[in-house]
Peer 1: 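Quick one: structure below, then a few questions.
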Amino acid sequence: MANKDSLDAFKENHDAGVAVDTSRKVRVGIIGCGGIANAHIGAYLKQPDVEIVAGCDIVPGRAAAFMKKYGIEDAKTDYKDHTEMLADKSLKLDAVSVCTYNCQHEPCTVAALNAGLHVLLEKPMCVTTEEALSIIEAEKKSGKVLSIGFQPRFDPNMKKVKEICESGILGKIYYIQTGGGRRHGIPADGPGYSHTTFIEKDTGGLGALGDIGCYSLDMVLNAIGYPKPLTVTGYKSAFFGTDPGYYRFHPEHAEKFGVDDFAAGFIRLEGDIILDFRIAWAMHLDTPGDTIIMGTEGGLRIPSTDCWNGSIGGPMTIYSNVGTSEVQTVIPMIHADQDKWYLKIRSFLDACKNGTPTPVPSSQILYNQAILDGICKSAELGEEIEIKLP
């Protein structure tokens, strides 16, 4: 049973910085120079030991304009696709960031690993479990670093969630409710938002599930040690995305919408743990509920955010008993001094240069991907399915 001193210990947090060896530069290329690549390159440019030497995109001229925007005039960009860039040995690449749309994550990552490069792969890992296994096979053959782009891992509040769960203060964890989303947030509707790669089946593959659902799952699965998923009952819908009346700026995009704008799953995990999950790009609510982690010795409530933003929505609360008294311990939010994207890139570079552990290993995110894929497959079949992994 918890005591007050052990509960209060969670109210403190300290992080230490790490020195950077600037004598060894990492030569980096960017595969896919669209929206999310801006966050990658912005963080790379803050690192003193990085050279951005190349970029490619299937849209002619986009890579050149992208590099010019950031003042990297000497980066090579005259490639029709990633295959050409990876074949250019004059670049002497060490690593790449894969920032393409979801359906190209697997082929681009496999090609980069096969070329002997370290890879930072933007989330979601891919679209299907089979693609995730293909990526992991290439990773193991290459012996290179592969890290998946989950920058919320570096938020101190997320670290605090993991610290609480691992401490044993909650006892045996047996039920988790998690999710989140947006009331009005399909990423294809806004001033100047002309592209539809997020919402088309052939490019996005997954909708809200892959875009923000993977984050929500990672928050709780990472906190409890990523137990293996066993079965899943899934549901998904697209009532808003396929309705022209939903869109404020681009009603024509409704015709192209081919993914989920809401999804839910009931997942059984190893260790006799139940995971109740829901995620939305669009709904009539501001949130589908707070994250709740229930244990035999205590419960943890994590306030939701208005739009899933990679952190928490307010102070967390641990509910427990001290003797015969019911106690609520409030865990104040930690205000981070360092940018999560900077830390995401920095940890990847350190792993590449120094052989430190992979920041977000594929062995964990395989389970995340299997749940996303399992929800889709279960929803299409209309029944519970078993998640089978080698």
Side-chain angles (χ1 to χ4, degrees), residues 36 102 122-125 148-162 164-165 173 175-189 198-199 204 206-224 226 229 232 234-241 246 259-267 269 273-294 299-317 331 333-334 336 340 360 365 367-369 371-372 374-376 379:
I36 201 63
N102 299 343
E122 186 49 46
K123 62 80 194 167
M125 186 175 184
I148 317 301
F150 282 78
Q151 68 276 359
R153 288 273 187 108
F154 303 96
D155 179 78
N157 298 287
M158 294 298 184
K159 293 180 180 180
K160 185 63 65 177
V161 173
K162 184 174 176 64
I164 291 169
C165 291
I173 293 169
Y175 174 84
I176 298 173
Q177 168 188 299
T178 195
R182 307 163 181 163
R183 182 168 183 172
H184 194 286
I186 292 176
D189 190 38
F198 268 108
I199 65 171
L206 300 169
L209 267 173
D211 183 32
I212 51 179
C214 64
Y215 282 147
S216 183
L217 288 173
D218 189 65
M219 175 175 69
V220 294
L221 292 173
N222 183 50
I224 63 173
Y226 257 100
V232 59
Y235 170 84
K236 61 178 181 175
S237 59
F239 295 116
F240 296 89
Y246 167 84
V259 293
D260 57 278
D261 60 32
F262 174 81
F266 191 79
I267 303 104
L269 304 172
I273 303 170
I274 295 299
L275 175 57
D276 185 355
F277 164 77
R278 72 296 304 261
I279 200 75
W281 266 347
M283 54 185 170
H284 286 302
L285 300 171
D286 55 353
T287 175
D290 292 344
T291 291
I292 297 170
I293 301 176
M294 297 170 62
L300 176 66
R301 180 182 295 275
I302 306 168
S304 63
T305 56
D306 292 336
C307 170
W308 215 100
N309 65 3
S311 187
I312 62 178
M316 297 183 287
T317 304
I331 312 300
M333 284 189 71
I334 303 165
K340 293 189 290 289
V360 185
I365 308 306
Y367 290 172
N368 188 305
Q369 194 68 47
I371 291 173
L372 299 178
I375 289 172
C376 290

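Worth saying up front: this structure is predicted, and the values here are computed from it rather than measured.
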Peer 1: When rounded to the nearest 0.5 angstrom, what is the spacing between CD1 in Ile274 and CD in Gln177?
Peer 2: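 Spacing of CD1 (Ile274) from CD (Gln177) equals 13.5 Å.
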
Peer 1: Verify the neighbour count for atom OH of Tyr175: are there more than 12 heavy atoms of other residues, nucleotides or ligands below 6.0 Å?
Peer 2: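 Yes.
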
Peer 1: Of the non-hydrogen atoms in Ser311 and Met333, which two are nearest, and what is the gap between them?
Peer 2: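 Where Ser311 meets Met333 most closely, the heavy atoms are OG-CE, 4.3 Å.
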
Peer 1: Working to the nearest 0.5 angstrom, can you tell me the gap between Arg183 CZ and His284 NE2?
Peer 2: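 If we round to the nearest 0.5 Å, Arg183:CZ and His284:NE2 are 8.0 Å apart.
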
Peer 1: With side chains defined as the heavy atoms from C-beta onward, is the minimum distance between Ser304 and Asp290 less than 4.5 Å?
Peer 2: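 Touching, per the 4.5 Å side-chain cut-off.
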
Peer 1: Would you check if the side chain of Asp286 reaches a backbone N or O of Asp306 as a donor-acceptor pair within less than 3.5 Å?
Peer 2: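 No: the side chain of Asp286 does not pair with the backbone of Asp306.
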
Peer 1: In the structure I gave you, are the side-chain heavy atoms of Trp281 and Ile212 within less than 4.5 Å of one another anywhere?
Peer 2: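 Sidechains of Ile212 and Trp281: in contact.
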
Peer 1: Flag the pair Ile365 / Tyr226 as yes when at least one side-chain heavy-atom distance between them is below 4.5 Å, and no otherwise.
Peer 2: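 The answer is yes; the side chains approach within 4.5 Å.
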
Peer 1: Kindly compute the distance separating CG (Asp155) from CD1 (Ile334), expressed to the nearest 0.5 Å.
Peer 2: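 Asp155 CG to Ile334 CD1: 8.0 Å, rounded to 0.5 Å.
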
Peer 1: Any side-chain heavy atom of Tyr235 sitting closer than 4.5 Å to one from Arg278?
Peer 2: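 Tyr235 vs Arg278: side chains apart.
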
Peer 1: Check whether any side-chain heavy atom of Leu372 sits under 4.5 Å from a side-chain heavy atom of Leu217, and report yes or no.
Peer 2: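 Answer yes - side chains close enough.
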
Peer 1: With a 4.5 Å cut-off on side-chain heavy atoms, are Thr178 and Ile302 touching?
Peer 2: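 A side-chain contact under 4.5 Å is absent here.
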
Peer 1: Can you give me the closest heavy-atom contact between Gly210 and Cys214, atom names plus distance?
Peer 2: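 It is O-SG, 3.1 Å.
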
Peer 1: What are the two closest non-hydrogen atoms of Ala280 and Ala208, and how far apart are they?
Peer 2: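 Minimum heavy-atom separation between Ala280 and Ala208: C-CB, 4.0 Å.
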
Peer 1: Output the distance between atom NZ (Lys160) and atom CD1 (Ile331), rounded to the nearest 0.5 Å.
Peer 2: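 The distance works out to 7.5 Å.
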
Peer 1: After noting the C-alpha distance and the side-chain angles of Asp211 and Lys123, does the key distance pass the salt bridge (charged side-chain N to carboxylate O under 4.0 Å, His left out) rule?
Peer 2: CA-CA 7 Å; Asp211 183 32; Lys123 62 80 194 167; 2.9 Å; yes

Peer 1: For residues Gly149 and Glu122, report the shortest heavy-atom separation together with the two atoms involved.
Peer 2: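 Looking at all heavy atoms of both residues, the closest pair is O-OE2, 3.7 Å.
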
Peer 1: Of all the heavy-atom pairs spanning Pro124 and Asn102, show the shortest one and how long it is.
Peer 2: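 In terms of heavy atoms, the two residues are closest at CD-OD1, 3.3 Å.
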
Peer 1: Output yes when a side-chain donor or acceptor of Arg153 lies under 3.5 Å from a complementary backbone atom of Val360, and no otherwise.
Peer 2: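 No; zero donor-acceptor contacts below 3.5 Å.
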
Peer 1: Please check if the side chain of Asn157 supplies one atom and the backbone of Ile312 the other of a donor-acceptor pair under 3.5 Å.
Peer 2: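 A pair under 3.5 Å: no.
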
Peer 1: Please tell me if the side chains of Ile371 and Leu221 come closer than 4.5 Å, counting only heavy atoms from C-beta onward.
Peer 2: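 Answer yes - side chains close enough.
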
Peer 1: Kindly indicate whether the side chain of Ile224, heavy atoms from C-beta on, has any atom under 4.5 Å from the side chain of Leu269.
Peer 2: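 They are in contact (side-chain heavy atoms under 4.5 Å apart), so the answer is yes.
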
Peer 1: Which residues pass the ring pair (Phe, Tyr, Trp, His ring centres under 6.0 Å) test with Phe277, not counting sequence neighbours?
Peer 2: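 Result, ring pair (Phe, Tyr, Trp, His ring centres under 6.0 Å) vs Phe277: none returned.
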
Peer 1: Taking only residues two or more places apart in sequence or in another chain, which ones pass ring pair (Phe, Tyr, Trp, His ring centres under 6.0 Å) with Tyr246?
Peer 2: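 Ring pair (Phe, Tyr, Trp, His ring centres under 6.0 Å) check on Tyr246 returns His184, Phe240.
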
Peer 1: Any chance you could lay out the side chain to side chain contact (heavy atoms under 4.5 Å, CB included) test for Phe150 and Met125, step after step, and finish with the verdict?
Peer 2: CA-CA 10 Å; Phe150 282 78; Met125 186 175 184; 5.9 Å; no

Peer 1: To the closest 0.5 Å, what do you measure between CE (Met294) and CD1 (Ile173)?
Peer 2: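 Answer for the CE-CD1 pair, Met294 versus Ile173, is 11.5 Å.
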
Peer 1: Closest approach of Ile293 and Cys165, non-hydrogen atoms and distance?
Peer 2: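 Scanning both residues completely, I find the closest heavy atoms to be CD1-SG, 3.8 Å.
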
Peer 1: Using the rule side-chain contact (heavy atoms from CB on, under 4.5 Å), only one of Leu206, Leu209, Ile279 pairs with Ile375; which is it?
Peer 2: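 Single pass found, and it is Leu209.
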
